[in-house]
Amino acid sequence: RPAAQALRWATFERSLDADILRDYLGKLDAFVDEEERNRAFAFAASSPQPYSALAFFLAWPALERAARLVMDRRAEWDGRHYDLLGSAAATLEFDFPLAATVLYRALLADILGRGKSQAYRHGVRYLAKLAELAERLPPGASDLPDHDAYCADIKKAHGRKSGFWALVDSRSLPSPGG
């Protein structure tokens with residue numbers, strides 16, 4: 001039994017798989033399982049694999065931990081991981097709008113930064129989500145630029161992407177700086 005538990009833990013450390021952790025915790029005595037769950041959460045939060053850690057916290061579910069991970073590692077998110085980041089942002093929107101904002105901004109930054117015109121419709125949808133989320137954030141909620149400043153920055157950096165801005169205008173979203 002100890003060897004099987006050691007294997008389960010080692011597998012969890014490599015994979016950050018929620019089901020493996022559930023199996024591991026299920027084999028523990030009741031008074032030890034919470035301590036081990038907390039150890040696993042701390043391990044995932046400090047993992048060098050932030051995308052695996054985010055997927056783990058969403059699958060557990062431990063949404064507060066997922067939101068904290070997003071905020072703690074906010075400069076690391078790459079919109080090329082759009083499947084995970086998009087679903088994570090949608091999951092976190094209601095209770096953790098600031099974390100969702102970070103993820104939607106990463107998704108939009110990737111689309112505009114790489115000039116992915118085939119994804120502009122998604123970008124417009126992300127921009128609309130960002131506008132909705134901005135209304136729910138208290139002023140000074142974080143050190144992130146507020147929505148207006150963010151929009152002005154993307155307009156300045158990507159103002160020549162007329163296909164994107166035409167879609168923004170067709171959705172009747174405020175066109176920043178214009």
Side-chain angles (χ1 to χ4, degrees), residues 1-114 116 119 122-123 126 129-130 132-134 136-147 149-150 153-154:
R1 181 174 174 189
Q5 281 296 80
L7 179 60
R8 285 183 190 97
W9 180 259
T11 302
F12 168 73
E13 284 183 323
R14 280 192 311 279
S15 66
L16 297 181
D17 184 292
D19 290 331
I20 296 294
L21 181 61
R22 283 188 186 90
D23 289 344
Y24 173 80
L25 295 176
K27 306 293 184 199
L28 295 174
D29 294 332
F31 63 91
V32 178
D33 64 346
E34 185 173 340
E35 182 180 315
E36 285 296 292
R37 181 183 55 88
N38 290 337
R39 180 171 77 114
F41 283 5
F43 180 84
S46 66
S47 170
Q49 305 167 11
Y51 299 97
S52 296
L54 181 59
F56 164 72
F57 286 131
L58 294 170
W60 187 259
L63 300 185
E64 184 175 337
R65 296 275 186 148
R68 190 176 322 144
L69 178 75
V70 168
M71 297 309 297
D72 288 348
R73 301 177 94 168
R74 64 180 155 248
E76 297 178 41
W77 304 111
D78 182 342
R80 292 178 198 222
H81 297 266
Y82 55 86
D83 285 337
L84 174 61
L85 298 189
S87 69
T91 300
L92 296 173
E93 270 180 34
F94 185 74
D95 291 322
F96 304 97
L98 189 57
T101 296
V102 167
L103 296 178
Y104 282 128
R105 285 182 179 186
L107 290 162
L108 182 55
D110 178 63
I111 291 168
L112 293 175
R114 293 194 299 145
K116 293 181 61 169
H122 296 291
Y126 300 148
K129 283 287 187 186
L130 287 166
E132 291 172 22
L133 291 169
R136 296 180 35 219
L137 296 175
S142 106
D143 59 348
L144 294 175
D146 70 19
H147 185 68
Y150 172 76
D153 287 346
I154 63 170

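All residue numbers in this chain count up from 1 along the given sequence.
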Could you please spell out the steps behind the salt bridge (charged side-chain N to carboxylate O under 4.0 Å, His left out) verdict for Glu132 and Arg136?
CA-CA 7 Å; Glu132 291 172 22; Arg136 296 180 35 219; over 6 Å; no

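- Between Leu98 and Leu144 there is a side-chain heavy-atom pair separated by less than 4.5 Å.
- In this structure the side chain of Arg74 reaches within 4.5 angstrom of the side chain of Asp143, judged on heavy atoms.
- One finds the OG1 atom of Thr11 at 10.0 Å from the CG atom of Asp23 (value rounded to the nearest 0.5 Å).
- At least one side-chain heavy atom of Arg22 sits less than 4.5 Å from a side-chain heavy atom of Trp60.
- Residues Asp33 and Leu28 approach most closely at CA-CD1, 4.0 Å, considering heavy atoms.
- Listed by first then second residue, pairs satisfying ring pair (Phe, Tyr, Trp, His ring centres under 6.0 Å) with a partner in residues 82-109 read Tyr104-Tyr126, not counting sequence neighbours.
- We find that Asp110 and Arg114 are joined by a salt bridge, their nearest charged nitrogen and carboxylate oxygen being less than 4.0 Å apart.
- For the pair Asp29 (side chain) and Phe31 (backbone), a donor-acceptor distance under 3.5 Å is absent.
- Scanning both residues, Ala100 and Leu133, for their nearest heavy atoms gives CB-CD1, 3.8 Å.
- The heavy-atom pair separating Ala88 from Leu103 by the smallest distance is CB-CD1, 3.7 Å.
- With respect to Arg68 and Glu64, a salt bridge is recorded, a charged nitrogen being found less than 4.0 Å from a carboxylate O.
- Of the inter-residue distances, the one linking Leu112 atom CG with Leu107 atom CG reads 11.0 Å to the nearest 0.5 angstrom.
- Proximity of Leu54 to Leu85: side-chain heavy atoms (C-beta onward) are separated by under 4.5 Å at one or more points.
- Taking every heavy atom of both residues into account, Ala119 and Ile111 meet most closely at O-CD1, 3.6 Å.
- Screening residues 99-109 for salt bridge (Lys or Arg N to Asp or Glu O under 4.0 Å) gives no qualifying pairs among residues at least two apart or on separate chains.
- Put simply, CG on Asp78 and CG on Leu84 are 11.5 Å apart, with the number rounded to the nearest 0.5 Å.
- The number of heavy atoms from other shown groups lying within 6.0 Å of CD (Glu34) does not exceed 12.
- The two residues Glu76 and Pro50 come nearest to each other via the heavy atoms OE1-CG, 3.7 Å.
- Inter-residue side-chain proximity for Thr101 and Tyr150 is flagged as unmet; no heavy-atom pair is nearer than 4.5 Å.
- Annotation: the span from Arg8 atom CZ to Lys27 atom NZ amounts to 5.0 Å, rounded to 0.5 Å.
- Classified by interplanar angle (parallel below 30°, tilted 30° to 60°, perpendicular above 60°), the ring pair Phe12/Phe43 is tilted.
- For Trp9 and Gln5, the side-chain atoms include no donor-acceptor pair closer than 3.5 Å.
- Of all the heavy atoms in Leu58 and Ala66, the pair that sits closest is CD2-CB, 4.1 Å.
- Expressed to the nearest 0.5 Å, how far CG of Asp72 lies from OG of Ser46 amounts to 11.0 Å.
- The line from CG of Leu16 to CZ of Phe57 is 8.5 Å long, rounded to the nearest 0.5 Å.
- Between Phe56 and Ser15 there is no side-chain heavy-atom pair separated by less than 4.5 Å.
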